[in-house]
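Small disclaimer: the values here were computed from a predicted structure and weren't measured.
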Amino acid sequence: MVMMQYILALLLLLVAVLAFMVYKLRADVRHVRKSERMKKVFLENIHHEIRVPLKVFHSLSETVGKDDLYLSKNEKRNIADQLLYNANLIGTLLDEVMMFSDSSESGHLLQMESFSPNALCRRCLEANMNSIYHCKRVKLQFNRELRDEFFVNSDRHLVELIINKLIINACKFTEEGTVTVGCNTTTHTDRLTIYVCDTGKGIPEARMSNLFSYFDEPDDLQDEAELDLSICRRIAEKLGGELLYDVAYQDGTRLELILPLR
């Protein structure tokens, strides 16, 4: 009788172990399938986005390759600006690929350095000035709230990547008015806030709850802006900060990158 109870207990334990292994295997399969869907959507988006600057390069190369071409100084400057902007855009897309390919275990190794957030915001605005060359009704501007001598310590390259993506998205969805970049330590008193706000149509209320959820629900992705914002939030978390949507802002869209003050 005791032997039978002992054998029964072993069988129950074996069944429990097998059930756990099956559960774990199913969870691993779901994770792999989800990762594959994420990669597919991400790569399709990158493929789509990178074709835009490549088309610009192709068009401009045909223009400057004409034997009888004469260009004024303004036309040369415009071509140079377009080449610089689209080169920066490709660089940003490649940076996204590198960030996306980081494993959750190792992650991106932060390169901490001291920099002026004012100077970085101005640099991003200047790099993206050609985002609006096709739309004269949109103005890019910087809102100076901190002293230029104010410095923070973070991974400058990753912060620049986030700001660039937020500016590019703001320009895409703003037909007229302004895209404003600024930074302060008053919105969140113990941290640095870098914000990008626009006078566009804003984000529909129905999409707000899924705005940053691509890495949780890749199948629910509605457009490339949601993927961009999800990547930006992921990078912000790597920096020890967060990316927030300002629900109180009524004139368009305002996104805030919140970083710790080190």
Side-chain angles (χ1 to χ4, degrees), residues 45 48-49 52-53 56 78 81-82 84-86 88-89 92-93 96 116-148 150 159-189 191-214 221-233 235-236 241-259:
N45 180 71
H48 168 72
E49 287 199 51
V52 176
V56 174
N78 181 52
D81 287 343
Q82 291 189 54
L84 179 60
Y85 168 71
N86 284 282
N88 288 336
L89 183 57
T92 299
L93 293 172
E96 284 187 32
S116 164
N118 278 3
L120 185 62
C121 288
R122 291 190 181 104
R123 169 179 169 148
C124 292
L125 283 169
E126 182 178 351
N128 287 283
M129 195 61 67
N130 249 33
S131 295
I132 59 167
Y133 75 91
H134 62 286
C135 182
K136 303 299 183 182
R137 295 179 297 172
V138 178
K139 178 183 178 183
L140 296 182
Q141 63 183 22
F142 174 67
N143 188 21
R144 185 175 182 268
E145 301 177 60
L146 295 172
R147 295 178 295 106
D148 289 342
F150 181 86
V159 176
E160 185 174 1
L161 173 59
I162 295 175
I163 299 173
N164 277 332
K165 290 303 296 181
L166 295 183
I167 293 174
I168 290 171
N169 272 331
C171 290
K172 283 181 183 177
F173 299 104
T174 304
E175 295 180 359
E176 60 180 332
T178 58
V179 172
T180 303
V181 180
C183 49
N184 62 57
T185 55
T186 55
T187 305
H188 302 275
T189 54
R191 293 173 291 174
L192 172 69
T193 299
I194 300 175
Y195 60 87
V196 177
C197 57
D198 61 59
T199 56
K201 292 182 288 188
I203 297 172
E205 186 174 352
R207 289 174 52 195
M208 290 181 186
S209 59
N210 297 322
L211 197 57
F212 304 102
S213 64
Y214 167 72
L221 183 71
Q222 294 191 37
D223 59 42
E224 62 190 39
E226 292 181 8
L227 175 58
D228 289 337
L229 294 179
S230 297
I231 292 173
C232 287
R233 170 170 278 190
I235 299 173
E242 54 186 333
L243 183 67
L244 302 177
Y245 173 75
D246 186 354
V247 296
Y249 188 75
Q250 299 295 317
D251 297 327
T253 301
R254 175 182 163 111
L255 290 157
E256 298 178 346
L257 170 62
I258 316 297
L259 296 173

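Within the structure, the salt bridge (charged side-chain N to carboxylate O under 4.0 Å, His left out) test picks out the following pairs touching residues 191-202 (sequence neighbours left out): Arg191-Glu242.
The closest side-chain heavy-atom distance from Val159 to Pro117 is not below 4.5 Å. Using a 4.5 Å cut-off on side-chain heavy atoms (C-beta onward), Val181 and Cys124 make no contact. Contact check for Thr187 versus Glu256: side-chain heavy atoms found under the 4.5 Å cut-off.
From His188, atom NE2 reaches atom CG of Leu259 across 11.0 Å, with rounding to the nearest 0.5 Å. From Leu229, atom CG reaches atom CG of Leu255 across 5.5 Å, with rounding to the nearest 0.5 Å. Separation of atoms NZ (Lys165) and CG (Leu257) is listed at 15.0 Å; rounding is to 0.5 Å. Glu160 CD to Cys121 SG: the interatomic distance, rounded to the nearest 0.5 Å, is 10.0 Å.
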Going through the distances and angles, do Leu244 and Arg233 end up as a side-chain contact (heavy atoms from CB on, under 4.5 Å)? CA-CA 8 Å; Leu244 302 177; Arg233 170 170 278 190; 4.3 Å; yes
For Cys171 and Leu140, what are the C-alpha separation, side-chain angles and deciding distance, and is it a side-chain contact (heavy atoms from CB on, under 4.5 Å)? CA-CA 9 Å; Cys171 290; Leu140 296 182; 3.8 Å; yes
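Results of the side chain to side chain contact (heavy atoms under 4.5 Å, CB included) test with Ile258 over Leu192, Thr193, Ile194, Leu243 single out Thr193 as the only residue that passes. The side chain to side chain contact (heavy atoms under 4.5 Å, CB included) with Leu166 is formed by just one residue from the set Ile163, Asn169, Ile162; it is Ile162.
Shown here are the salt bridge (charged side-chain N to carboxylate O under 4.0 Å, His left out) partners of Asp246, two or more places apart in sequence or in another chain: Arg254. For Glu145, the side-chain hydrogen bond (donor to acceptor under 3.5 Å, both in side chains) partners two or more places apart in sequence, or in a different chain, are Asn143, Asn184, Tyr195. Thr180 pairs by the side-chain hydrogen bond (donor to acceptor under 3.5 Å, both in side chains) definition with Gln141, not counting sequence neighbours. Every side-chain contact (heavy atoms from CB on, under 4.5 Å) that Arg122 has, sequence neighbours left out, goes to Asn118, Phe142, Arg144, Asp148.
Between Thr174 and Val138, the shortest heavy-atom contact is O-CG2, 3.4 Å.
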